[in-house]
Amino acid sequence: METFEKKEYLNQLFDKYQSLLTDKQISYFTYYFHDDYSLQEIAEIYQVSRNAVFDLLKKVENHLFEYEEKLHLLKLQQERQQVINTIKETKDLSLLDEIGKLDE
């Protein structure tokens with residue numbers, strides 16, 4: 001069973017990189033992580049082995065980690081949000097420059 005934190009992180013990565021996955025990968029991921037289907041239930045839907053579902057989900061997981069490692073979209077979003085929260089708390093508008101630096 002996946003830990004809650006890992007599932008949450010994978011869902012965040014999926015939101016960012018879903019368009020880079022195949023339709024099949026998206027379907028399996030959605031069934032497993034969003035709809036809470038078991039590997040066996042997904043295997044029955046697609047008429048494949050449970051192991052085939054597991055392997056594909058593992059590939060999707062690896063792809064998502066690789067995309068984030070190379071593109072850093074989630075990391076940059078989180079850093080932007082931290083700066084925005086700090087601006088809201090401190091009302092220090094000079095921190096707006098920090099957001100621009102994240103895109104460099």
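In what follows, every heavy atom counts, from backbone to side chain, and hydrogens, waters and symmetry copies are set aside. Nothing fancy with the numbering, it's 1 onward along the sequence.
In this structure, E79 CD and I84 CD1 are separated by 12.0 Å, a value rounded to the nearest 0.5 Å. Going from atom CZ of F29 over to atom CG of L56 covers 11.5 Å, rounded to the nearest 0.5 Å. To the nearest 0.5 Å, atoms CD (Q82) and CD1 (I87) are separated by 12.0 Å. Rounding to the nearest 0.5 angstrom, the gap separating the OG atom in S49 from the CD atom in E44 is 12.0 Å. Separating the CG atom in L64 from the CD atom in Q12 is a distance of 11.5 Å, to the nearest 0.5 Å. Between the CZ atom of R80 and the CD atom of Q77 there is a distance of 8.0 Å, given to the nearest 0.5 Å.
In this structure the side chain of D15 never reaches within 4.5 angstrom of the side chain of L74, judged on heavy atoms. Side-chain contact check for T30 versus Y37: every heavy-atom pair is 4.5 Å or farther apart. Two residues are said to be in side-chain contact when any heavy atoms from C-beta on lie closer than 4.5 Å; L13 and K16 fail this criterion. Using a 4.5 Å cut-off on side-chain heavy atoms (C-beta onward), Y9 and F65 make contact. Here the side chains of L10 and E61 are in contact, with some heavy-atom distance below 4.5 Å. Proximity of Y28 to V48: side-chain heavy atoms (C-beta onward) are separated by under 4.5 Å at one or more points. In this structure, Y32 and V53 have side chains that are not in contact, with every pair of non-hydrogen atoms separated by 4.5 Å or more. A heavy-atom distance below 4.5 Å is found between the side chains of Q25 and H63.
For the 3.5 Å distance criterion, the side chains of N85 and E89 fail to qualify, holding no donor opposite an acceptor.
Taking a 6.0 Å sphere around OH of Y67, one finds it holds more than 12 heavy atoms contributed by other residues, nucleotides or ligands. Crowding of D35 atom CG: a count of heavy atoms from other residues, nucleotides or ligands under 6.0 Å exceeding 12.
Pairing each heavy atom of E41 with each of D36, the nearest pair is OE1-O, 4.4 Å.
At distances below 3.5 Å, not a single donor-acceptor pair connects side-chain atoms of Q40 with backbone N or O atoms of R50.
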Check against side-chain contact (heavy atoms from CB on, under 4.5 Å), V60 and I26: CA-CA 8 Å; V60 171; I26 292 168; over 6 Å; no
Problem - Worked check of ring pair (Phe, Tyr, Trp, His ring centres under 6.0 Å) between F14 and H34 - result: CA-CA 11 Å; F14 182 75; H34 292 177; 5.5 Å; yes
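Using cut-offs of 30° and 60° for the angle between ring planes, the Y46 and Y31 rings count as perpendicular.
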